[in-house]
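First the structure, in the form of structure tokens, and then the observations on it.
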Amino acid sequence: MKIGITGGIGSGKSYVCERLAARGISVYDCDNAAKRLISTSPDIRERLVGLIGPDTYVDGHLNKPVVTRFLLASEKNAQAIDAIVHPAVAEDFIQSGEQWMECAIIYESGFNSLVDRVIAVTAPEEVRLRRVMQRDGIPREKALEWMARQWPQDEVRRRADFEIINDGTADVDQQIEHILTHHKLR
């Protein structure tokens, strides 16, 4: 059985994955895979340069400000980048042999089709905002901008099979254990 872990920025997906790792469960990280593939795949590099322009990479490294500017300029631009990167990440996940996947945009990317069950990690918006601002050292407005680019948490929770509440007070380990034991996801 393949299981996906999702949740909006700042929900604590990485923390849940750390808790799973403590139980010996390895989780494929879609964000890290995308970064790795963008850096190492000649095909992706060529296609991104063709899409964005010659300044996409500088000295062999992704020029993040140029790519971010292009990405945020329009939804069409974001979709064009996704059309290059998402299929490569999906194929990499399949080839990895991993059973668990962490993907912030599991529904937006269609990666929910790669798994049998989805666990949504949720937290109140203010908690998420505080986490993102602290983690990334960005102002509230920027954190809100990034949150607005993702699906609403209520919609993700509605579509998911399970929910783990990571609000800073709920017992995350107990929730994980319940899902693993009662739903036989080990």
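Only a predicted model underlies this, so the values are computations on that prediction, with no experimental measurement involved.
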Val66-Val58 co-clustered via ILVMFWY side chain contacts under 4.5 Å: no
Sequence-distant partners of His61, ring-ring contact (aromatic ring centres under 6.0 Å, His included), two or more places apart: none
Any donor-acceptor N/O pair, Asp31 side chain to Ala34 backbone, under 3.5 Å: no
Under-4.0 Å salt bridge between Glu108 and Arg149: no
CA sep, side-chain torsions, deciding dist, call: Arg131, Asp136, side chain to side chain contact (heavy atoms under 4.5 Å, CB included): CA-CA 8 Å; Arg131 288 174 180 164; Asp136 298 344; over 6 Å; no
salt_bridge(Asp92, Arg36) N-O dist < 4.0 Å: yes
Row check, Tyr28 ring normal vs Lys2 NZ/CZ: under 6.0 Å, within 45°: no
From CA spacing to verdict: side-chain hydrogen bond (donor to acceptor under 3.5 Å, both in side chains), Thr122, Gln153: CA-CA 7 Å; Thr122 63; Gln153 181 170 258; 4.8 Å; no
Trp151 backbone acceptor or donor facing Tyr107 side chain under 3.5 Å: no
Under 3.5 Å: donor-acceptor pair, side chain of Gln175, backbone of Asp171: yes
Between Ser41 and Asp43, a side-chain donor and acceptor under 3.5 Å: no
Ile179-Ile106 co-clustered via ILVMFWY side chain contacts under 4.5 Å: no
Ion pair Arg128/Glu125, N-O distance below 4.0 Å: no
Verdict with supporting geometry, Arg130 and Glu126, salt bridge (charged side-chain N to carboxylate O under 4.0 Å, His left out): CA-CA 6 Å; Arg130 189 174 59 249; Glu126 282 304 316; over 6 Å; no
Pair Arg19-Asp173, salt bridge (charged side-chain N to carboxylate O under 4.0 Å, His left out): steps then yes or no: CA-CA 7 Å; Arg19 302 312 307 145; Asp173 283 313; 2.9 Å; yes
Donor-acceptor contact below 3.5 Å, side chain Lys13 vs main chain Thr6: no
Residues that Phe162 engages under ring-ring contact (aromatic ring centres under 6.0 Å, His included), provided they are two or more places apart: His183
